[in-house]
*Asks:* 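First, the structure itself, so that you have it in front of you.
In what follows, every heavy atom counts, from backbone to side chain, and hydrogens, waters and symmetry copies are set aside. Nothing here was measured: the structure is a model prediction, and the numbers come from that model.
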Amino acid sequence: MCFRDEGDPDGEPLLLIMGLSSQLIHWPQEIVDALGERGYRVIRPDNRDSGLTEWKTTPSQYYLRALARDTVELLDHLGIEQAHVVGASMGGMIAQLLAIEHTDRVISLCSIMSTPHISIGMADGNVLEELTKPLPPGRDDAIKQIAGLYATIGSKTYADSERERRLAMATQAYDRAQHPEGGTRQVTAALIAPDRTKSLKQLRLPALVIHGAEDPLIKIAGGEATHAALADSTYLPLDTMGHDLPAPLHDQIVASIAKNAARVTSGF
């Protein structure tokens, strides 16, 4: 498993889990650095079949709980007993499972642009079609398609200001690693995962739910359902956020994550 371990090495561990067909670099470095400046040890892995983490055995399908166990094994490898866990999109589903099935390892939970079940807030067919479209063979065309997907699912309010960042990220992601078959396996894992609503209702830990009103991939109903399921959770709906982490919202997102993590010592 490929991972980066940044921030304050003596700080409280904070695990960032990214989503479907995404790499650890899809966590904006500005967010990572800001969390480190707040005193956290920030760890972000490439999920299996993503980025530089290779999955040498390739079954036709595997389960989200297996991806959750991967992150537990990473914590074991680093000698970390507990961590604040933040997950985005499919990473939010994995983070939810971590809190449900490995409760003693999770200090606080933050679920971003995610859902307790894939049927809640599901994207329209045209968005799913864009998501699953095979990449063209040429590098330039492939990067253009990836950047186009980011624009399709991302914030519309910040479309102009994010255009260059999206193209730069598409280029970096394409050149760093490609796992087209892995994305298919991850989609399958998300589709067949059981509804987590009842299990989330049993959790008692500081929890934060962040979701964008402009998200067409997992609509805001997914965030609303996650918030409703998590007792005493804090809900941060962002009117100008899509299925992305646009730069104008970084400060607000970081502050909210840190505030939720601090609820541990304040008795939330």
*Asks:* Specify the closest pair of heavy atoms between Q145 and P136, including all atoms of both residues, with the distance to one decimal.
*Replies:*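 Smallest interatomic distance, heavy atoms only, reads OE1-CD, 3.2 Å.
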
*Asks:* Are any non-hydrogen side-chain atoms of H211 and T226 less than 4.5 angstrom apart?
*Replies:*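 Not touching, per the 4.5 Å side-chain cut-off.
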
*Asks:* Apart from V42 itself, what residues make up its hydrophobic cluster when side-chain heavy atoms of I, L, V, M, F, W and Y under 4.5 Å apart count as a link, directly or indirectly?
*Replies:*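 So far as hydrophobic clustering goes, V42 is joined with L14, L16, M18, W27, I31, V32, L35, Y40, V86, I112, M113, Y158, L208, I210, L236, L238, M241, L245, L249, I253, V254, I257.
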
*Asks:* So does R65 have more than 12 non-hydrogen atoms from other groups sitting under 6.0 Å from CZ?
*Replies:*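 It does not: R65 CZ has 12 such atoms or fewer within range.
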
*Asks:* Quick one: do E101 and R69 make a salt bridge, cutoff under 4.0 Å?
*Replies:*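 Salt bridge flag = no for R69 with E101.
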
*Asks:* Test R163 against D160 for salt bridge (charged side-chain N to carboxylate O under 4.0 Å, His left out), laying out the working first.
*Replies:* CA-CA 5 Å; R163 184 173 290 109; D160 291 339; 3.1 Å; yes

*Asks:* Taking side-chain contact (heavy atoms from CB on, under 4.5 Å) as the criterion, tell me which of L75, L98, T71 meets it with V85.
*Replies:*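 Of L75, L98, T71, side-chain contact (heavy atoms from CB on, under 4.5 Å) with V85 is met by L98 alone.
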
*Asks:* Specify the closest pair of heavy atoms between P237 and I220, including all atoms of both residues, with the distance to one decimal.
*Replies:*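 In this case the closest contact between P237 and I220 is CB-CD1, 4.2 Å.
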
*Asks:* Around atom CD of E164, are there more than 12 heavy atoms from other residues, nucleotides or ligands closer than 6.0 Å?
*Replies:*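 At most 12 heavy atoms, drawn from other residues, nucleotides or ligands, come within 6.0 Å of this atom.
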
*Asks:* Side chains of H84 and S108 only: does a donor on one sit below 3.5 Å from an acceptor on the other?
*Replies:*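 There is such a pair (donor and acceptor under 3.5 Å, judged by atom type) between the side chains of H84 and S108.
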
*Asks:* With a 4.0 Å cut-off, would you call K219 and D124 a salt bridge?
*Replies:*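 D124 and K219: salt-bridged.
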
*Asks:* How are the rings of Y235 and H227 set to each other: parallel, tilted or perpendicular (split at 30° and 60°)?
*Replies:*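 Ring orientation of Y235 relative to H227: parallel.
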
*Asks:* To the nearest 0.5 angstrom, please state how far the OG1 atom of T152 sits from the NE2 atom of H243.
*Replies:*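 Taking OG1 in T152 and NE2 in H243, the distance rounds to 12.5 Å.
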
*Asks:* Heavy-atom distance under 4.5 Å between the side chains of M169 and D244, does that happen here?
*Replies:*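 They are not in side-chain contact.
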
*Asks:* S155 and T240: which non-hydrogen atoms are nearest, and at how many Å?
*Replies:*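 In this case the closest contact between S155 and T240 is OG-O, 2.7 Å.
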
*Asks:* Looking only at heavy atoms, which two atoms of S233 and L230 are closest? And how far apart?
*Replies:*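 It is OG-O, 2.9 Å.
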
*Asks:* Between E214 and T157, do the side chains contain an N or O donor and an N or O acceptor separated by less than 3.5 Å?
*Replies:*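 A donor-acceptor contact under 3.5 Å links the two side chains.
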
